[in-house]
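Computed from heavy atoms alone, side chains included, the values below leave out hydrogens, waters and symmetry copies. Everything numeric here is computed off the predicted structure, so don't read it as measured data.
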Amino acid sequence: MARIVVIGAGVGGLATAARLAVTGHEVTVFERADTVGGKLGRYVHDTPAGAYRFDTGPSLVTLPQVLHDLFEATGAKLDEYLDLVPLDPIVRHVFPGGATLDSCADPAEFTARIGAAFGDRAAADWQRLWRRATRVWAASHRDVLRRTIDSPRDLAALAWRLGDLTAIAPGRTLRGVSRRHLSDPRLRMLLDRYATYTGADPRRAPAALVAVPYAELAYGGWYLRGGLGTLADALLSRCLDLGVVVRTGTTVTRIDAAGGRVHGVRLAGVAARVPADVVVANVDALTVYRELLPTPRRLAGLTDRSLAGFVLLLGVRGDSGPAHHTVFFPDDHDAEFDAVFGDPGRGVRARPAVDPTVFVTVADDPTVRPDGHEAWFVLVNAARHGTATGAVDWRRPGLAEAYADRILDVLAERGVDVRNRLVFREIRTPADLDAATGAPGGAIYGTAGGLLRPANRGPAHGLWLVGGSSHPGGGLPMVTLSAQIVADEIGPAWA
């Protein structure tokens, strides 16, 4: 039995803690916030009509089997804790000109919907792309998503089949795959969107990210009744039942790692070290390497930060009956990416996109809003917070309010005007996410998307990293898989 400290009670930290505790380890979780969940945040706004409840982080469960496996591995059943609701459509896409396309978990049905909306050629294009995505997903799931990848050498050493390499197309971009396979510009827009799910610019993101839409569209999209924040409650319950000690409101200020191995952690306001044989860091890899280790370290790729998000939480009167998720695309997708990512190489600063893609989530769930009202979560891609060329100072006076007005105007221009039905609006900028979760600059996924992210194995013996900024990447299923990878590597008999 090892003494294990987990830094951070996000999904990755709690999932790792539960898996380690069930094998007999002594596990303590330290979380600097007063609540668990990390980026799986929640917000409640009370009004005379009743309470509005928002998920301020993820709004969709994909690859639900990953969560089923987690709960079964810790001696429970997912259905005992959570109510998974399948979504159809998974996402409603609204394109310039008003055309719509509803995605679903039936590949044949989705292809038929493409044909009905955009014609037979578009449907045939998508079928060819889908065959490629299937090969990439199979190779990624087999060789990448369930094992440690510590370096480019590890990727190169994998026994890739020739067909896998052809589909993965090392050196090519997702945009390149889009242009090669898809003739309809609306389908290209749809594919580009999946790069942003990993925090990346599709014009520079690897072609292998074609596996992202495969995972969503093959296995479905799901909602948790009561909101996705209920997952944090369920994971906390599992941890406590297994004897994990969870201490919120407790900040870890340093990882003691003298002599090439960890010895424990230091807490704010506490003189004595908390001893540990193993430390699992469920915080951004950039924070681990630059702030928590006794000697700050450089690591390739850490400065390639993911995009952030600008969020509106809206209380809306009436029942407009939207899909659970709706994406409203702009006329000029590339202008949006130019604004969000900037071009530091040419000195082009990032800025708020004037005409952004707008992602709206409205849960058809009476537990999250008063009768006769809707709780709208509105998200646009945004540059991270900061003063560098690739960032925006979201604390600049007046900027957040002005940009919130602009987003509501954009929705109205695209046929969804809620400005006269608002009960309230709350704004969450990348600077707010930084302050609330410790994500540097409010970068949602830490490092930008790719096959190679900071390794789960840290630079000192007994130090491990989990979460969206490390391998295998961001999003609930990937974070949960990172917990499985780390727990399996530590095993029941750590030495």
Query raised in the report: Do Arg53 and Arg42 have side-chain heavy atoms sitting under 4.5 Å apart?
Result: no
Report summary line: One should read off an interatomic distance between Thr16 OG1 and Asn282 CG, to the nearest 0.5 angstrom, of 6.5 Å
Report task. Please work out which of the three classes, parallel, tilted or perpendicular, describes the rings of His333 and Phe329, given edges at 30° and 60°. Result -> perpendicular
Report task. List the steps, then state whether salt bridge (Lys or Arg N to Asp or Glu O under 4.0 Å) holds for Arg203 with Asp338. Result -> CA-CA 10 Å; Arg203 300 170 299 185; Asp338 288 342; 2.8 Å; yes
Query raised in the report: Asp393: what forms a salt bridge (Lys or Arg N to Asp or Glu O under 4.0 Å) with it, not counting sequence neighbours?
Result: none
Query raised in the report: To the nearest 0.5 Å, what is the distance between OG1 (Thr253) and CZ (Arg266)?
Result: 8.5 Å
Query raised in the report: Between the main-chain N or O of Gly176 and the side-chain N or O of Ser178, is there a donor-acceptor pair closer than 3.5 Å?
Result: no
Query raised in the report: Under 3.5 Å, is there a donor-acceptor pair between the side chain of Lys39 and the main chain of Thr437?
Result: no
Query raised in the report: Of the non-hydrogen atoms in Gly441 and Ala308, which two are nearest, and what is the gap between them?
Result: O-CB, 4.3 Å
Requested in this report: For the residue pair Ser469 and Val288, establish whether any side-chain heavy-atom pair is separated by less than 4.5 Å.
Outcome: no
Query - Ser237 (side chain) donor-acceptor with Ala234 (main chain) under 3.5 angstrom - result: no
Query raised in the report: Measuring from Leu60:CG to Asp55:CG, what's the distance to the nearest 0.5 Å?
Result: 11.0 Å
Requested in this report: Specify the closest pair of heavy atoms between Leu293 and Tyr289, including all atoms of both residues, with the distance to one decimal.
Outcome: CD1-CA, 4.2 Å
**Report entry** Aromatic plane relationship, His45 with Phe424 - under 30° parallel, 30 to 60° tilted, over 60° perpendicular
**Finding:** parallel
Query raised in the report: Rounded to the nearest 0.5 Å, how far does CG of Leu190 lie from CZ of Arg186?
Result: 11.5 Å
Query raised in the report: Quick check: does any side chain N or O of Ser320 sit under 3.5 Å from a backbone N or O of Pro322, one acting as donor and the other as acceptor?
Result: no
Query raised in the report: Any side-chain heavy-atom pair from Trp394 and Pro352 closer than 4.5 angstrom?
Result: yes
Report task. List the steps and the verdict of salt bridge (Lys or Arg N to Asp or Glu O under 4.0 Å) for Arg414 and Asp355. Result -> CA-CA 11 Å; Arg414 296 178 193 172; Asp355 190 28; 2.5 Å; yes
Query raised in the report: Does the side chain to side chain contact (heavy atoms under 4.5 Å, CB included) test come out yes or no for Val274 and Thr28, once each step is laid out?
Result: CA-CA 10 Å; Val274 178; Thr28 301; over 6 Å; no
Query raised in the report: Under a 4.5 Å cut-off applied to non-hydrogen side-chain atoms, are Val212 and Glu216 in contact?
Result: no
Query raised in the report: Is the shortest heavy-atom distance from the side chain of Leu187 to the side chain of Leu101 under 4.5 Å?
Result: yes
Report task. State whether the side chain of Ser482 and the backbone N or O of Gly467 hold a donor-acceptor pair below 3.5 Å, judged by distance alone. Result -> yes
Query - Stepwise salt bridge (Lys or Arg N to Asp or Glu O under 4.0 Å) test for Asp409 and Arg419 - result: CA-CA 8 Å; Asp409 291 344; Arg419 292 172 296 186; 2.7 Å; yes
**Report entry** Considering all heavy atoms, the nearest Ala208-Val136 contact
**Finding:** O-CG1, 3.3 Å
Requested in this report: Walk me through it: do Val378 and Phe359 pass the test side chain to side chain contact (heavy atoms under 4.5 Å, CB included)?
Outcome: CA-CA 6 Å; Val378 180; Phe359 184 86; over 6 Å; no
**Report entry** Contact list for residues 427-445, test salt bridge (Lys or Arg N to Asp or Glu O under 4.0 Å), sequence neighbours left out
**Finding:** Arg395-Asp432, Glu426-Arg428
Report summary line: Rounded to the nearest 0.5 angstrom, the CZ-CZ distance for Arg204 and Phe337 is 10.5 Å
Requested in this report: Mind telling me whether Phe54 and Tyr52 have parallel, tilted or perpendicular rings, with 30° and 60° as the class edges?
Outcome: parallel
Query - Point-to-point distance, once rounded to the nearest 0.5 Å, from CG of Leu231 to CG of Leu224 - result: 6.5 Å
**Report entry** Arg3 backbone acceptor or donor facing Asp277 side chain under 3.5 Å
**Finding:** yes
Query raised in the report: Is the closest side-chain heavy-atom distance between Leu70 and Leu235 below 4.5 Å?
Result: yes
Query - Short side-chain to backbone donor-acceptor contact, His373 and Gly315, under 3.5 Å - result: no
**Report entry** Steps toward side chain to side chain contact (heavy atoms under 4.5 Å, CB included) verdict (Thr389, Arg349)
**Finding:** CA-CA 5 Å; Thr389 301; Arg349 296 195 63 86; 4.2 Å; yes
Requested in this report: Test Tyr219 against Thr62 for side chain to side chain contact (heavy atoms under 4.5 Å, CB included), laying out the working first.
Outcome: CA-CA 7 Å; Tyr219 296 96; Thr62 55; over 6 Å; no
Report summary line: Closest non-hydrogen atoms of Val354 and Val410, given as atom of the first, atom of the second and distance, are O-CG2, 4.0 Å
Report task. Indicate whether any N or O donor in one side chain lies under 3.5 Å from an N or O acceptor in the other, for Ser59 and His325. Result -> yes
Query - Side chain Thr230, main chain Gly227, donor-acceptor under 3.5 Å - result: yes
**Report entry** Min side-chain heavy-atom separation Leu174-Val210 under 4.5 Å
**Finding:** yes
Query raised in the report: Considering only heavy atoms from C-beta outward, does the side chain of Val392 approach that of Tyr403 to under 4.5 Å?
Result: no
Query raised in the report: Between Arg132 and His181, is any side-chain donor less than 3.5 angstrom from a side-chain acceptor?
Result: yes
Query raised in the report: Can you name the closest pair of heavy atoms from Ile485 and Pro472 and give their distance?
Result: CD1-CD, 4.2 Å
Query raised in the report: Taking atom CZ of Arg421 as the centre, does the number of heavy atoms from other residues, nucleotides or ligands within less than 6.0 Å exceed 12?
Result: yes
**Report entry** Ser306 side chain vs Tyr445 backbone, donor-acceptor pair below 3.5 Å
**Finding:** yes
Report task. Would you confirm whether Asn456, through its side chain, and His471, through its main-chain N or O, come within 3.5 Å as a donor-acceptor pair? Result -> yes
Query - Asp284/Arg305 salt bridge by N-O under 4.0 Å criterion - result: yes
Report summary line: Tightest non-hydrogen contact, residues Ala487 and Leu20, listed as CA-CD2, 3.9 Å
